[in-house]
2 protein chains.
Amino acid sequence: MNQRVKPSPPASPAPRQGKNGDGAERHEAIHRSISDAIIEHRLKPGARLREDALSEVFGVSRTGIRKILQRLALEQLVTLTPRRGASVTRPTADEAKDVFDARQMVECGLMSDIARRITQDDIVTLKDMAQREREALRSGEQSVAIRLSADFHTYLARVSGNRTLADFVERLCSRSSLILAVYGNAGHLGCESHDHQDLIQYLEDGKGERAAAFMGRHLKAIEASLSIVEEEDEAPNLFDIFAP
Amino acid sequence: MNQRVKPSPPASPAPRQGKNGDGAERHEAIHRSISDAIIEHRLKPGARLREDALSEVFGVSRTGIRKILQRLALEQLVTLTPRRGASVTRPTADEAKDVFDARQMVECGLMSDIARRITQDDIVTLKDMAQREREALRSGEQSVAIRLSADFHTYLARVSGNRTLADFVERLCSRSSLILAVYGNAGHLGCESHDHQDLIQYLEDGKGERAAAFMGRHLKAIEASLSIVEEEDEAPNLFDIFAP
DNA sequence: TCGGTATATCTCGTATACAATGGGGATATA
DNA sequence: TATATCCCCATTGTATACGAGATATACCGA
């Protein structure tokens with residue numbers, strides 16, 4: 001199935017020893033691997049993440065895996081249930097609304113700073129990302145497109161120079177990706193194909209106000225494209241269903 | 001030197017089990033304890049937090065302490081340096097600016113929603129908090145005042161109904177408390193005494209716009225009261241000092 | 001008296017072992 | 001055949017043991 005051999009040492013079954021190399025780097029890499037898999041929908045909401053399996057796949061002991069899982073839980077990408085272990089978070093409809101409202105506020109609010117501070121290099125990078133995203137969309141590589149879309153928004157936020165807010169936007173984008181996985185229609189995903197390119201144009205022209213307004217519409221459009229119907233497999237609420 | 005004064009239950013090696021039903025509860029309580037101590041300035045920026053000492057104080061093993069420390073690190077209240085252990089974070093001047101800019105954006109942006117959704121019960125609670133804060137300030141109980149001030153802002157954000165943004169504000173307030181500890185003047189701390197009460201009045205009258213503007217000035221005032229001079233004990237920058 | 005080196009100790013990082021709990025499957029019964 | 005019950009096992013939670021890195025100290029030499 002998934003022969004994407006993302007984990008760096010795939011063929012090494014028992015490189016037990018923590019190895020000389022920096023252990024922290026390794027953990028960082030593992031975190032990225034799992035995080036990427038979730039964001040790119042290769043791991044779907046609800047998927048269980050067993051500690052044993054992960055420790056075997058990545059060749060580190062459960063202790064390290066637990067640490068990474070804790071971190072992912074704080075980033076709200078995975079959910080830790082007391083005796084049941086970890087699973088990919090399945091966002092609720094309320095959470096979805098909160099996330100998009102937050103993005104609306106922060107990403108639009110950042111636009112004026114971004115317009116003021118953006119450099120030519122940034123514009124080149126962003127145009128490249130937008131271009132590659134379009135190509136990915138056209139060739140049907142959903143995973144790549146989703147990743148690039150999130151990266152685009154995150155990169156943009158970083159241009160503002162406010163690290164705290166940029167980190168926040170990054171996490172909101174990750175969660176958005178999860179939301180798309182649950183509530184998105186298979187047909188067209190998130191960002192319209194040339195929205196990002198239009199946005200860059202506004203920024204290149206120094207029109208911060210226009211860019212902010214455009215970003216607002218852009219996010220609203222994504223949110224509107226979702227079919228947010230709370231699937232209540234959890235609590236079928238028989239009263240509501242059978243009461244007259 | 002430190003003769004290991006046997007962990008709290010010396011005779012009970014195995015039945016250690018917290019017994020309070022849920023061990024997670026215990027961890028939550030410990031997290032709160034440490035978090036509170038930091039926010040209330042009973043633990044000052046730079047203070048070292050040794051795992052052994054904490055595990056002895058709270059009667060849990062280092063494993064549990066590590067988990068809590070990791071979480072505090074992700075909340076940016078403590079800093080984990082690879083082989084040196086944990087210490088209370090000492091925010092930089094840049095971080096301070098970012099945090100206050102973020103608060104400016106989010107807390108003001110939330111005001112219209114807050115004004116729309118606030119209930120009479122909320123107003124009573126908030127008035128009580130503001131009142132107690134004033135009393136604490138007057139009687140010189142800095143720790144209590146700081147805590148109440150952060151709680152006030154956090155509670156307000158929760159009223160908005162957006163949990164994601166409220167959580168973010170909570171973390172910003174915690175970090176602000178840290179910033180106050182480093183850059184605040186001993187004389188008057190953060191919030192002016194009746195600012196909070198005035199703010200509630202605007203909200204009670206349904207004047208969301210005014211409340212937002214007032215919150216903006218309020219935050220700017222706090223920020224302005226700081227003496228943000230990067231103490232460069234870390235890197236004295238000898239070039240600047242000794243270059244002609 | 002000052003500086004450099006070696007040792008000692010302290011603290012964290014990682015792995016492993018053991019205990020407890022909850023769920024799933026098998027079985028028995030209506 | 002369907003449902004309820006019980007037991008075993010899979011999986012996590014916690015503690016502990018061992019190893020490595022870094023810092024502080026002490027000793028020796030100049």
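This structure is a prediction, so every number in the text was calculated from the model and none was measured. Keep in mind that the numbers below use all heavy atoms, side chains included, and drop hydrogens, waters and symmetry copies. Below, chain A is the first sequence line, B the second, and so on; all start at residue 1.
Side chain of B:Ser174 to main chain of B:Glu170: a donor-acceptor pair is present (N/O by atom type, distance under 3.5 Å, no hydrogens or angles). Side chain of B:Arg90 to main chain of B:Ile179: no donor-acceptor pair is present (N/O by atom type, distance under 3.5 Å, no hydrogens or angles). Counting only distance, with no hydrogens or angles, the side chain of A:Ser177 and the backbone of A:Ile39 share a donor-acceptor pair below 3.5 Å. Between the B:Tyr183 side chain and the B:Pro91 main chain, a donor and an acceptor come within less than 3.5 Å of each other.
Taking atom CD on B:Glu56 and atom C1' on C:dC10, their separation rounds to 15 Å, with Å as the unit. Atom C1' of nucleotide C:dC12 and atom CG of B:Leu49 are separated by 14 Å, given to the nearest angstrom. For A:Arg62 and D:dT12, the CZ to C1' distance is 6 Å, given to the nearest whole Å.
B:Met129 approaches B:Phe152 most closely through the heavy-atom pair CE-N, 3.7 Å.
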Could you pull out the protein-nucleic contacts involving nucleotides 6-11 of chain D (nitrogen or oxygen on both sides, under 3.5 Å)?
residue, atom, partner, partner atom, Å
D:dT11, OP2, A:Arg50, NH1, 3.4

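Results of the side chain to side chain contact (heavy atoms under 4.5 Å, CB included) test with B:Ser176 over B:Arg171, B:Arg103, B:His153, B:Glu223 single out B:Arg103 as the only residue that passes. Checked against A:Glu107 for a side chain to side chain contact (heavy atoms under 4.5 Å, CB included), the options A:Val169, A:Leu165, A:Leu172 give a single hit: A:Val169.
Between A:Gln142 and A:Leu137 there is no side-chain heavy-atom pair separated by less than 4.5 Å.
DNA chain D is contacted by B:Thr63, B:Lys67 of residues 63-78 of chain B, taking any non-hydrogen atom closer than 4.0 Å.
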